[in-house]
Number of protein chains: 2
Amino acid sequence: MATISDVARKAGVSTATVSRALNGKSTVDPALVARVRAAAAELGYHPNGLARNLRRQETAVLALIISDVENPFFTSIARGVEDVAQTAGYSVVLCNSDESADKERRYIDVALQERVAGVVLSPTDVSSSIERLRQRGTPVVAVDRPLAESTSDQVLVDTRLAACEATGHLITAGYRRIGCVTGPAGVRTADDRLAGYRDALEAAGVGLRLESRAEYRASGGRQATRELLTESPDALLVANSAMAIGALEALGAAGLRPGRDVGVVAFDDVPWATLIDPPLTVVAQPAYEIGTEAAKLLLARIADPSLPPAATTLGARLIERGSSRRG
Amino acid sequence: MATISDVARKAGVSTATVSRALNGKSTVDPALVARVRAAAAELGYHPNGLARNLRRQETAVLALIISDVENPFFTSIARGVEDVAQTAGYSVVLCNSDESADKERRYIDVALQERVAGVVLSPTDVSSSIERLRQRGTPVVAVDRPLAESTSDQVLVDTRLAACEATGHLITAGYRRIGCVTGPAGVRTADDRLAGYRDALEAAGVGLRLESRAEYRASGGRQATRELLTESPDALLVANSAMAIGALEALGAAGLRPGRDVGVVAFDDVPWATLIDPPLTVVAQPAYEIGTEAAKLLLARIADPSLPPAATTLGARLIERGSSRRG
DNA sequence: TTGTAGGCGTTATCAT
DNA sequence: ATGATAACGCCTACAA
């Protein structure tokens, strides 16, 4: 409630002096600084960030719009973004688009209205509504999934290659009826992982393709796996950790044991991967690093909008555990 | 970049009319509304939320400060808060205090500066720095952990009772050397769960207490469990799902199997609970509901600050699975 | 070194 | 029904 003029009055100085004193500007009499500080403390004065930002025409806030708060992959990204932003004096507001283009648009509107300094976004769609951000000149960096315009900053994972390697690993282990459980068509990572799977089969001359798509959720994984099971696969590549839960449940329900009856590799190294029996072989994506990298890119662009667009691609690594051993 | 006056000029009206037209105020000539809309669209005009909020002296933003973004329990709360807030036209910004009183204070400062409409907080400490929020009159509701002042809104879980029931369940199953792995002293949920454990032992006349505390993390659970193992417990109550991961790892490393060699019950119903063998018996907390309840309380208080403080306590429920069967 | 004053973009009050 | 204008609280030339 207390404003800068209240403090000024109490300290017996002008608002300008209060502003300068509180913002540590070079030239202010130490005695006055003390008086101002005391007055501010006494009044419980907190500068009004709204007014300040309006005046300064900038906000020390970054928006992070992700497609699923409950997915550990995205929360790791969030930590990465936050850690970097924090040390640079920025706050991060996390928004959950929930894989819905509509919510994404709403949050982008909010970001626009609140004049955030920049946006980190995992786009639900290539043709995401970042058009508006561009127009306004708000810096954006895409993570996990690319944007159509190659003119924006992006931090991606070479997920197609990773899927190819993972599938190759299954082939090397001796599996031949390998199924791929992936996300919805149109979701770039889902498409890429499927493509990588196909790459590997082709490279190895394996003709049989067993593919099934569903939502990037446990329920989706369960359903897609059940469908695939009618084709008696001897191994499964699962494109997402949430789906992996459903896939493993479906396998269990069918009396099939990972690593003995069916080889399994899943994307994302979840903390419980080593708790199941046998432990789950995974494709570990550098989620935290994606976050830090994205934040750095964003801060750099905020500092200098004329920078050429940077597209970082990080690698994923296969962690072999028991579930992909040949039964 | 385009401001309201740009739109006004283009539409050939005053800024007042633009404002009224765009905000759907009662009395504006439909023809003008159309002209204004067109001009706004053409200019790619987005109202400046900063200026608007400054003028209106209010923000449609809620801050949610939680102690761990990577904990599914808290992300479920986040979803709950968000879903309710969303339908009421509020945005939610998520902040990660990371179990650090310092970060918490920083985020509270940000919330104060940005003049958010209200705060949902899982306090790192009873004597949390919400003092400042109170002073400013910013509504707060505490979740998961109580605040010292009973004068604030809170949404809690009767976690002591739940721990007591869970321990009772182990006793009923025939276990007698039951250990409790809980979080740091001072963290209210950790203390409460320990207290519930003791309640149950006492009620059943079991004299042997095996207690071990550590950080609410996998590494903490691992360490605490390892310590407890020197006492040859025949069962374990684990106070948190992150710790459960560490505890299960420690058990495995010692060649002990849950449900056969050692009965296990853990707090929080994680999605992978049914994937391990045997499935994990858990105390399921109504996390999503905590979030929705907290948001409703907060919105109610924002609407009417004179409301008497409400303290909701929700129940948790024990889900019996294989890990707590007597071996 | 300090004070005065103007303006950031909106909305609301008061005229018209 | 519409327009001029005064705030909202802060920062920063510019003046003293």
Side-chain angles (χ1 to χ4, degrees), chain A residues 1-37 39-40 43-61 109-117 136-138, chain B residues 1-37 39-40 43-61 109-117 136-138:
Chain A
M1 264 307 294
T3 78
I4 197 172
S5 11
D6 296 331
V7 178
R9 201 170 316 122
K10 180 140 210 154
V13 297
S14 76
T15 61
T17 302
V18 174
S19 174
R20 284 189 285 248
L22 262 25
N23 290 311
K25 288 295 180 190
S26 40
T27 56
V28 189
D29 188 313
L32 281 195
V33 174
R35 272 222 322 269
V36 169
R37 282 248 170 73
L43 263 40
Y45 169 71
H46 284 275
N48 185 327
L50 265 37
R52 166 180 291 175
N53 295 334
L54 176 59
R55 170 65 230 235
R56 288 193 183 154
Q57 292 292 70
E58 64 178 22
T59 321
V61 174
D109 274 354
V110 173
L112 237 22
Q113 289 203 169
E114 301 296 329
R115 300 291 195 265
V116 299
R136 256 275 306 149
T138 304
Chain B
M1 267 304 296
T3 78
I4 198 172
S5 13
D6 296 331
V7 178
R9 202 171 313 123
K10 182 140 208 154
V13 297
S14 75
T15 59
T17 302
V18 174
S19 175
R20 283 188 285 247
L22 260 27
N23 290 312
K25 288 294 179 190
S26 41
T27 55
V28 189
D29 188 314
L32 280 196
V33 174
R35 273 225 316 272
V36 170
R37 282 249 171 72
L43 262 41
Y45 169 71
H46 283 275
N48 184 328
L50 265 37
R52 164 179 294 173
N53 294 335
L54 176 59
R55 172 64 232 228
R56 287 196 185 152
Q57 293 289 69
E58 64 178 22
T59 322
V61 174
D109 274 354
V110 174
L112 238 23
Q113 290 203 169
E114 300 297 329
R115 300 291 196 266
V116 299
R136 256 276 304 150
T138 305

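Throughout, protein chains are lettered first and strands after them, A, B, ... in sequence-line order, and every chain is numbered starting at 1.
Residues R35(A) and G12(A) come closest through the heavy atom pair NH2-O, 3.8 Å. In terms of heavy atoms, S14(B) sits closest to A8(B) at C-CB, 3.7 Å. What you find for A2(B) and L43(B) is that their closest heavy atoms are CB-O, 3.8 Å. Taking all atoms of both residues into account, the shortest heavy-atom contact from V7(B) to V36(B) is CG1-O, 4.0 Å. Between R115(B) and T59(B), the shortest heavy-atom contact is O-OG1, 2.7 Å.
Counting only heavy atoms from C-beta outward, the side chains of V13(A) and R20(A) never approach each other to under 4.5 Å. Side-chain contact between E114(A) and E114(B) is absent, with no heavy-atom pair separated by less than 4.5 Å. Between V33(A) and R37(A) there is a side-chain heavy-atom pair separated by less than 4.5 Å.
If you measure from atom CG of L50(A) to atom C1' of dC11(D), you get 15 Å, rounded to the nearest angstrom. Here dG9(C) presents its P atom at 12 Å from CZ of R9(B), a figure rounded to the nearest Å. Atom pair R35(B):CZ and dA1(D):C1' shows a separation of 13 Å (rounding to whole Å applied). When rounded to the nearest whole Å, the span between NE2 of H46(A) and P of dC10(D) equals 12 Å. When the P atom of dC11(D) is taken as reference, atom CD of E58(A) falls 11 Å away, rounded to whole Å.
If you check dT2(D), dT10(C), dT2(C) against the side chain of D29(B), the one that comes closest is dT2(D). The I4(A) side chain lies nearest to dC10(D) when the options are dT10(C), dT2(D), dC10(D). Closest approach to the S19(B) side chain among dT2(C), dT11(C), dC10(D) is made by dT11(C) (side chain taken as heavy atoms from C-beta onward). Out of dT2(D), dT10(C), dT2(C), the shortest distance to the side chain of T27(B) is found at dT2(D).
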Kindly give the atom pairs (protein nitrogen or oxygen, nucleotide nitrogen or oxygen) under 3.5 Å for nucleotides 3-7 of chain D.
from	atom 1	to	atom 2	distance (Å)
dG3(D)	OP2	S14(B)	N	3.0
dG3(D)	OP2	S14(B)	OG	3.1
dG3(D)	OP2	T17(B)	OG1	2.4
dG3(D)	N7	R20(B)	NH2	2.8
dG3(D)	O6	R20(B)	NH1	3.4
dA7(D)	N3	R55(B)	NH1	3.3

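Distance check, rounded to the nearest 0.5 Å: CD of Q57(B) to CG of L54(B) gives 6.5 Å.
Near DNA chain D, meaning a heavy atom under 4.0 Å from it, residues 109-116 of chain B has no residue at all.
Comparing L54(A) and K25(A) by the nucleotide of DNA chain D whose heavy atom lies nearest to each, the residue mapping closer to the 5' end is L54(A).
Neither OP1 nor OP2 of dC8(D) sits under 4.0 Å from any side-chain N or O of N53(B). A sub-4.0 Å separation between OP1 or OP2 of dT11(C) and a side-chain N or O of Q57(B) is absent.
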